[in-house]
Amino acid sequence: MPPRRDDRIILHFDYDCFYASVFEVENPSLKGVPLAVQQKQIVATCNYEARRRGLQKLQLVTEAKKTCPEVVTVLGEDLTKFRDASKELFQYLRSFSWNERVERLGLDEVFMDVSDIIAYNMGLLNYNDLRTAFFNMSRSDPTVGFSFDASVPAGHTFPEQVLPLAEDEEQHWSDPVFIQLRLRLHLASHLAQHLRLLVEKEKGYTSTVGVSTSKLLSKLAGNVHKPSAGTTLMPPYADDLQDDAGIEREKSNVRLFLSNYEVGLIPGIGHKMAHALRSFTLGREAAQSVELNYHKPSESVTVSEILKHPDANPIAFERLLSGHGAQRGIGTRVWQLLNGCDDSDVSQARDVPRGISIEDSYQKLEKLEDVHDELLRLTCSLVKRMRVDLVTDIEPRILDRVSHQKNEPQQRRWLARPKTVRLSTRDRFSSATNTEGERSWARTSRSCPLPSFIFDLGQSVPSIAEQFVTGTLENLFRKLHPDRFCLSLINVGVTDMDNEIDIRRGRDISTMFKTQNDRLSGWRIDTEIPQAMEKTSINGKSMERSDTMELYGSEEDMRLSQSSTKEVESLWQDEDEVDTLDDVDCTLCEAKLPAFAMAAHLRFHRLDS
DNA sequence: CGGGGCAATT
DNA sequence: AATTGCC
Ligand SMILES: Nc1ccn([C@H]2C[C@H](O)[C@@H](COP(=O)(O)OP(=O)(O)OP(=O)(O)O)O2)c(=O)n1
Ligand SMILES: [Mn+2]
């Protein structure tokens, strides 16, 4: 049995019917009516009023209208609005984090590792008066927070029945592990509820929140009660619980929770692996659902049914699942997931995405001329998005001085430079692999280095796009389709983001890594705080500060120690103040110039086209 | 005739 | 370059 480590507390937020909610926030009169967000011929999502009337997510529009003729449909093919709303909500939630371990999954889900906040508040908890507790959301300002009843969790729980802590005292207070985990989950459920209601009140979005000790369990817990609610997975989490006399006690709620889950609903187990696991369990090929709505397999197999199989073990899973692009160690990973174990970290927020791509789909695209036009369209929006997402408006000081001298308009600067461009297409009649009747979904792609004129901020978007299409993309396209083609999809993307900071000269890269690692080890210490504080709080002592926190001179130092690359960059600029004579890099080419020459150099670029 | 887009892995 | 996974 894989070991559990339940020392973390993780919240999972999932905004309700996200795309639909964006439209409702924008236009509240849509709130009462059944609303479907349409992308081409599919209902990407629909609001809960529509679901009440039988609509489903990812349904064909024709079916949806059959089910509910009154449905109002809005077009959601342009994701800009959703991306913007997603960013805003993400930034809002992130502002409550102390450790920056806040991870976005897709546009509408956010994981938050709040172990440190919970540990801090465990330390402040008065065990003799759980019912009138105060939750501190700031370490520096003790008035920021909310009152709550720590003897019960907020919102829903799994299982549903929970006695207030004070009332089953004799049964549980003697078990420090149990009581400590339970109290932490109580606190976390109140924090989750508080944040969920704040997001609703301040931003207008309802969401579902799950509370547990891993990404896996918090996400699944949230699913139990769906629109606008919170659910906490209650302890005990460990199984084979025995007391000193060796008498078995309650069964693990994790196991109780997972055992009847359909395997395909476990995040991390997609269609392919779910099918393999079903077939493995049944001893034969599991029935395949060729439905559009492949959420429900025509033959469902639960977690407990799989684990009952005599050959269910990590080695067998590895053999079963490895091969098709799955990672090594997938057998162990899946085995752990099915047993409710997930030690994956909530990653720190990236300030910049790893890649950006734009795509569109078509009934058919056969003429080279049309392809050119579409490439141009896609490239224009790609370049625009790059300029929004990858360019900082905040002037680095060193350039600021230059533009000041020359009375230049505000300079903008690339936060990151993708190194590669990739063109992918989907051809309807691709020669490959199609058993008759089935469509080909196979994409093919070609990539090459991204030319640097893409980064020229002085040139207009359409002019860059035209240059890019004729000079780069059409070459890639000829590689993909030397002769006839009939495309149903084109995707243009840039990848291999290189943080601008990484390619800044002067200092060498190893120096930079060292700097970053120093900062990283800063918050690695931070992650140990919960442990240290838990121990002391079990003993009934209340601490104002953990010893490890003394490593930081102040809250401000703390923030710096977890700094994003943006902040790192600003640190460097401070250093640059000292040795002003260092050359700086041109943002448009590889040139290295004295700072005072940069403005003229940039004008040279503008004339360059 | 099922959309648009991200990340990890090999 | 292709697969798989996630939303
Ligand atoms: N295969 C998918 C899955 C999701 N989405 C989009 C539409 C959703 O609005 C958004 C979030 O996905 P969810 O699965 O969380 O669905 P919703 O938020 O719409 O609904 P729910 O209330 O069930 O969370 O991502 C999509 O376009 N295609
Ligand atoms: Mn959602």
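Lettering follows sequence order; numbering is per chain, from 1. Source: prediction; values computed, not measured.
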Problem set entry | Donor-acceptor under 3.5 Å (A/Asp496 side chain, A/Thr420 main chain) | no
For this session: Whole angstrom is fine here: how far is it from CG in A/Leu60 over to P in B/dG3?
Result: 9 Å
Seminar exercise, completed: Taking C/dG5, B/dG5, B/dA7 as options, the one with an atom nearest any side-chain atom of A/Ile358 is B/dG5
For this session: Identify the two heavy atoms, one from A/Lys40 and one from A/Gln38, that lie closest to each other, and give their separation to 0.1 Å.
Result: O-NE2, 3.0 Å
Seminar exercise, completed: note: A/Tyr19, atom OH; B/dG5, atom C1'; distance rounded to Å ~ 8 Å
For this session: Go through C/dC7, B/dG2, B/dG3 for me and flag the one nearest to the A/Glu109 side chain.
Result: C/dC7
Exercise. Across the strands shown, which category fits A/Leu489 at heavy-atom distances under 4.0 angstrom: base, sugar-phosphate, nothing?
Worked result: nothing
Exercise. Between C/dA2 and A/Thr444, is there an OP1 or OP2 to side-chain N/O distance shorter than 4.0 Å?
Worked result: no
For this session: Between B/dG3, C/dC7, B/dG5, spot the one nearest the side chain of A/Ser357, thanks.
Result: B/dG5
Seminar exercise, completed: One should read off an interatomic distance between A/Arg385 CZ and A/Ile356 CD1, to the nearest 0.5 angstrom, of 5.0 Å
For this session: Starting from C1' on B/dG4, measure out to CD1 on A/Ile490 and report it in whole angstrom.
Result: 14 Å
Exercise. Hey, which of these two, A/Glu359 or A/Gln363, hits DNA chain B nearer its 5' end, going by closest nucleotide?
Worked result: A/Gln363
For this session: Between C/dC7, C/dA2, B/dG5, spot the one nearest the side chain of A/Ser445, thanks.
Result: C/dA2
For this session: Verify, without hydrogens or angle tests, whether A/Arg4 (side chain) and A/Gly340 (backbone) share a donor-acceptor contact under 3.5 angstrom.
Result: yes
Seminar exercise, completed: Of A/Gly329 and A/Asp360, the one whose nearest nucleotide on DNA chain B sits closer to the 5' end is A/Asp360
Problem set entry | A/Lys272 side-chain N/O to C/dT4 phosphate OP1/OP2 under 4.0 Å | yes
Problem set entry | Which nucleotide in C/dA1, C/dC7, B/dC6 has an atom nearest any side-chain atom of A/Arg446 | C/dA1
Exercise. A/Ile356 side chain: which of C/dC7, B/dC6, B/dG2 is closest?
Worked result: B/dC6
Exercise. Between C/dA2 and A/Arg443, is there an OP1 or OP2 to side-chain N/O distance shorter than 4.0 Å?
Worked result: no
For this session: May I ask you to check whether A/Thr425 and A/Arg446 show a side-chain donor-acceptor distance below 3.5 Å?
Result: no
Exercise. Just to confirm, is there a sub-4.0 Å distance from OP1 or OP2 of B/dC6 to any side-chain nitrogen or oxygen of A/Arg385?
Worked result: yes
Problem set entry | Listed nucleotide nearest any side-chain atom of A/Glu77, set B/dA7, C/dA1, B/dG4 | B/dG4
Exercise. Below 3.5 Å, does any donor atom in the side chain of A/Arg428 face an acceptor in the base of B/dC1, or the other way round?
Worked result: yes
